[in-house]
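Only one structure is covered here, and it is reproduced in the block below.
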Amino acid sequence: MFNKFNRFLKKVALKDQIKGNDNSFKGKTRIPTNIDKVTSILNSVLWESSDFEMRRVKFNNRILLVTYFDGLADTQNISKEVIQPLMMDDKKTNPDNYIIEEIKEKYLYSAEIGDSKYIENCIDSLVSGDTVVFVEGVSEAILVGSKGFEVRKIDTPDTETTIRGSKEGFNESLRTNITLIRRRIKNPNLVFESMKLGKQTNTEICIAYINGIVNEDILKTVKRRIKKVDVDAILESGYIEDFIQDSTFSLFPTVGNNEKPDIVASKLLEGRVAIITDGTPFVLTVPYLFIESLQTSEDYYSRSILSMIIRILRFSALLISILLPALYVAGVNFHKDFIPFELLLSISASREGIPFSPLTESILMLTAFEFLKEAGVRMPRPSGQAVSIVGALILGEAAVNAGFVSNPMIIVVALTAITSFLALPISAALPIMRLVFLLSANVVGFLGILFILLLFLIHLCSLRSFGVPYLTPISPLITKDLKDSFIKAPMWMMFTRPKSIISNQDKYYRMKINHIKKED
């Protein structure tokens, strides 16, 4: 009882300490009419930061205070569009009620101009890169759009390379990313709803959707979950993903992320919702289904028959990456009758003198591969590629020559490593799945593999992404949506949007159904 009371006192003391250190305003504070008071308030709130700039300008018989953050705002535009026009001589004196409107209409050249009567709004505009102009004798300020910080140019994303199709990728600028989507969907129904998350960072995010196509229930769920996010910082879209995803401790993602505007645009056209975060090139899309991890944008730009074959190969590669080590261990330990006699002799000869069991061999080599992959990702790009390739060759050859592992195991691990790169969205879950299948195969052979496979299928069937079953359109079975699942039908056959996502039946059809005649 005493310990509980002591913890309660500590929590109260911590809350009081936080309140004492909080320098933010509570409620709404009107802007003082005295410029010196405004300067004092700004210095106290912004802690006299070295990058905060204040410039006094004489306008008629008044003092105007031009404030901005150096680095966030474009100083050249401020000089040309704000300070220089205000210092012109041909001015006329106006009453206090009209001076703000006169400055906005006649003297400021910026395209983005607003006003505010509260200090809080001015502070938010300043830290966002805008310029705030305070007028002596007036309890109102002018907000001028002047964002001018450096951003990375639009480039090809590293995570998704394509031969055919758009090479553009998102960057860290929220406005640029919105523009890239707007260029592809020139529709007035495309909506971007802006809000801010993070009590300390005030990160701006945008919820994008197409009004009339989006599933209203999914949209309401997205907004409700985002509004519940109460955290100090949002530095990347992964922070939001962790708060809004359905199954936090599942191996499989229920929120998608992408760096390509054309893919995000196609998902919006299917009725999904996109979440764009300032400061990151990764855009979240919901709902996210398992079948999307086997799809790429290039599938829709190539001929349908080729895309169909490649998708089947991609799904086969996923099964090989997960099951091949376990099948090897189960075959060597329990099911030698399933292995051809000549191959069994070769495996037995190769394993002669190996001190480890097939299970230990598999775990050691797969762990070494994960080390090499992680080292290749974290090191600088030129040296990282050298470490991945040379390290794998040298390590594999040295391990075989030293008698630690057998040649068949090297082949198994190499095939597993190659095929694991064909399903990148769920690649993080593959090592854990391989380990589970390996352990079950080492205990009861093929029966253990089938049992674990059944458990994973049950788990996948139980997952939902914002109310949509994760294995749609396989479970539950939706025959019309199978045309864009493990196979890819021609574009003229894909005349409907995903039935599991679209709630408005009037928007279910994306094109008119026209029968192609032979003479055409």
Aromatic rings His459 and Phe252: how do their planes relate, parallel, tilted or perpendicular, breaks at 30° and 60°? tilted

Plane angle bin for Tyr107 and Phe59 - parallel if under 30°, tilted between 30 and 60°, otherwise perpendicular: perpendicular

Do Thr67 and Val132 make a side-chain contact, defined as non-hydrogen atoms from C-beta onward lying under 4.5 Å apart?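 Of all side-chain heavy-atom pairs linking Val132 with Thr67, at least one is under 4.5 Å.
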
Quick one: does Asp278's side chain get under 4.5 Å of Ile234's, heavy atoms only? no

Can you check side chain to side chain donor-acceptor pair (under 3.5 Å) on Ser307 and Asp299, steps first, answer last? CA-CA 5 Å; Ser307 300; Asp299 293 345; 4.6 Å; no

Under 3.5 Å, is there a donor on one side chain and an acceptor on the other for [X] and [Y]?
X: Thr29; Y: Glu120; answer: yes
X: Glu204; Y: Ser194; answer: yes
X: Glu298; Y: Thr162; answer: no
X: Ser465; Y: Thr254; answer: no

Please report the shortest heavy-atom distance between [X] and [Y], naming the atom on each side.
X: Ile276; Y: Ile178; result: CD1-CG1, 4.1 Å
X: Pro287; Y: Val468; result: CG-CG2, 3.8 Å
X: Ala73; Y: Thr131; result: CB-OG1, 4.5 Å
X: Leu126; Y: Phe69; result: O-CD1, 3.4 Å
X: Lys167; Y: Gly165; result: NZ-O, 3.3 Å
X: Ile185; Y: Leu190; result: O-CD2, 3.7 Å

Any donor-acceptor pair under 3.5 Å linking the side chain of Thr277 with the backbone of Ile205?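 Looks like no, no N/O pair under 3.5 Å.
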
Are any side-chain N or O atoms of Arg464 and backbone N or O atoms of Gly467, one a donor and one an acceptor, separated by less than 3.5 Å? yes

Go through the steps for Ser247 and Ser250 under the test side chain to side chain donor-acceptor pair (under 3.5 Å), then give the verdict. CA-CA 5 Å; Ser247 301; Ser250 175; 5.3 Å; no

Take Tyr288 and Asn257, measure what side chain to side chain donor-acceptor pair (under 3.5 Å) needs, and give me the verdict at the end. CA-CA 9 Å; Tyr288 184 79; Asn257 62 80; over 6 Å; no

Over-ring placement of Arg224 relative to Phe466, 6.0 Å and 45° cut-offs: no

Enter the distance from Lys483:NZ to Ile478:CD1 here, rounded to the nearest 0.5 Å.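 With rounding to 0.5 Å, NZ (Lys483) is 9.5 Å from CD1 (Ile478).
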
Carboxylate-amine/guanidinium contact [X] [Y], below 4.0 Å:
X: Arg184; Y: Asp262; result: no
X: Glu172; Y: Arg152; result: yes
X: Lys199; Y: Asp230; result: yes

Return each pair, listed once, that meets side chain to side chain donor-acceptor pair (under 3.5 Å) where at least one residue sits in residues 48-57; pairs must be two or more places apart or across chains. Asp36-Arg56

Is it true that Tyr209 and Phe192 have ring centroids separated by less than 6.0 Å? no

